[in-house]
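This report refers to the structure that appears directly beneath it.
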Number of protein chains: 2
Amino acid sequence: MESFKYRELQQLLKSQIIKGVFKEGDLLPSENELSSVHDMTRTTVRHALQKMEKEGYIIKKKGKGSIVNLKKKRLGLLSFKGFSEVIGSSDEQVSNEILVGPVLQNWPNDFFYELGEEELSTDVYYLCRLRSVNEHVVMLEHTYIPNFGLEDFEKRVLINGSLFSTMVIDYQIEVTSMDQEVRAIKPDKITAKLLNVDKTDPILHAYRKYGTSKEGFFFYSSLFFNTKDYAIGSYFQ
Amino acid sequence: MESFKYRELQQLLKSQIIKGVFKEGDLLPSENELSSVHDMTRTTVRHALQKMEKEGYIIKKKGKGSIVNLKKKRLGLLSFKGFSEVIGSSDEQVSNEILVGPVLQNWPNDFFYELGEEELSTDVYYLCRLRSVNEHVVMLEHTYIPNFGLEDFEKRVLINGSLFSTMVIDYQIEVTSMDQEVRAIKPDKITAKLLNVDKTDPILHAYRKYGTSKEGFFFYSSLFFNTKDYAIGSYFQ
DNA sequence: GAGTGGTCTAGACCACCTG
DNA sequence: AGGTGGTCTAGACCACTCG
């Protein structure tokens, strides 16, 4: 709804990065160039770039420029970038198997987060995905997305295999926050089998609630991690 | 070394918050007041406050002001605030027991992070702490701090029981980043006993490397979490 | 030396909150 | 209505990188 110059620039650059106009390691146009091209002050350009740096899309270097950055060294799965963004451009062989495609259904009983009335009055897209790195299964994710005007969501092919990118590009919804609870647990039979671990092996479990740029729109995940082969890495600054 | 107006204001306000001049929920002086009192533009004040908001010291509300914020809802132990900052002002009964006080020693063999030559040529402060919430043991932390000019560190009493606050106030060193690897594991005997869990109970383990405002100065932790009683929460935005 | 991002000034108008 | 933070302009000087 609200429209700001810095926000428009930010969204433009972001979608250009996601679409591949600017690739990993590329330099964005300089602040002076962006300010003259888009007819705004350098202050405003810097505001946009600052946000993008905070979100991890770019790294700024004094005297050099703004460098496009999408990779992280390891599996940054405790930060709130999506799996594909985090893993995407590294050397790892990544696969992303959808076990249960987006299906519209009712909310499960005893949902792991408390839901608002509006959420409860809609149905929900359920998605179950299995993620592997170098043919090691590392993560099983159950995702629940309330159907607040997501047209034809079940027919979409995820852009770059990424749910986050799809939401930005197709629905102009940005993920802005993530809240999670993490525990070490013993897996149940089915989860152990899917993650290819023994039933006595400890695994990591997380409940997540994602906040978005769309007022009142949240979505939820329950995730299981096999940390035998790959530790879960994360980096904050 | 480098000195900027926004950085000085930032450090002043931060230390005032840590020392209790401004308490949880208080409003900081308005941007206009800060700019006239400290003789700088509002832009510069905003720069300082922006950094502080990013670091989680304050929350800004349009039309209201900048609200001092130190608590998080749950145990935000996967973010990189220190334990004391995260837990500090909530309703929980927190204890922070130092099992092995800061002792100067050599680096362990096969240290969990790769160390630089400068680091290897110094000795290191070792610190072992046990953290409890409402009398449930939740965390065991082994901390390794290279002795790069930390005078009398072994004699310090941690300010507010917090290592992070002590470093800011006594040594002007700020923690600016954190890198970690997380795994679900079975505890060894000693750790199980200290965390008060069964040896078959899964626990969560993390290796951490903290980056600081002091060039080339890092410190390290190996942490074990009991997630039976309290899940590890974290919030990102 | 030319170009880059980092810091900083001195203003302006706006939307939001509270008495 | 008065004060707050949010957005934005139009400049300036600096430290850094690179050819």
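Fair warning: this is a prediction, and the values are worked out from it, not measured in the lab. Lettering of chains follows the sequences in order, A, B, ..., and the numbering in each one begins at 1.
- A straight line from CD1 of I59(A) to P of dG5(C) spans 14 Å, rounded to a whole angstrom.
- Between the CD1 atom of I67(A) and the P atom of dT4(C) there is a distance of 14 Å, rounded to whole Å.
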Self-check item: Residue pair I145(A), L163(A): steps toward the side chain to side chain contact (heavy atoms under 4.5 Å, CB included) verdict
Solution: CA-CA 11 Å; I145(A) 307 174; L163(A) 178 60; 4.0 Å; yes
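- Straight-line distance from the CE atom of M40(B) to the P atom of dT7(C): 13 Å, rounded to whole Å.
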Quiz prompt | Chi angles and distances behind the side chain to side chain contact (heavy atoms under 4.5 Å, CB included) call for V124(A), L104(A) | solution = CA-CA 5 Å; V124(A) 58; L104(A) 213 46; over 6 Å; no
Collect all protein-nucleotide pairs involving nucleotides 3-6 of chain D in which both atoms are nitrogen or oxygen and the distance is under 3.5 Å.
residue: dG3(D); atom: N2; partner: G63(B); partner atom: O; Å: 3.2
residue: dT4(D); atom: OP1; partner: S30(B); partner atom: OG; Å: 3.2
residue: dT4(D); atom: O2; partner: G63(B); partner atom: N; Å: 3.4
residue: dG5(D); atom: OP2; partner: E31(B); partner atom: N; Å: 2.7
residue: dG6(D); atom: OP2; partner: R46(B); partner atom: NH1; Å: 2.7
residue: dG6(D); atom: OP2; partner: R46(B); partner atom: NH2; Å: 3.3
residue: dG6(D); atom: OP2; partner: K60(B); partner atom: NZ; Å: 3.0
residue: dG6(D); atom: N7; partner: R42(B); partner atom: NH2; Å: 2.6
residue: dG6(D); atom: O6; partner: R42(B); partner atom: NH1; Å: 3.1

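- A heavy-atom distance below 4.5 Å is found between the side chains of R42(A) and N32(A).
- Side-chain contact between M167(A) and F219(A) is present, with at least one heavy-atom pair separated by less than 4.5 Å.
- Taking 4.0 angstrom as the limit, T43(B) places none of its side-chain polar atoms (N or O) nearer than this to OP1 or OP2 of dA10(C).
- Following rounding to the nearest Å, L27(A) (CG) and dT4(C) (P) show an atom-to-atom distance of 10 Å.
- Side-chain contact annotation: Y220(A) with E119(A), donor-acceptor N/O pair under 3.5 Å present.
- By the 4.5 Å heavy-atom criterion applied to side chains, Q180(B) and S221(B) are not counted as neighbours.
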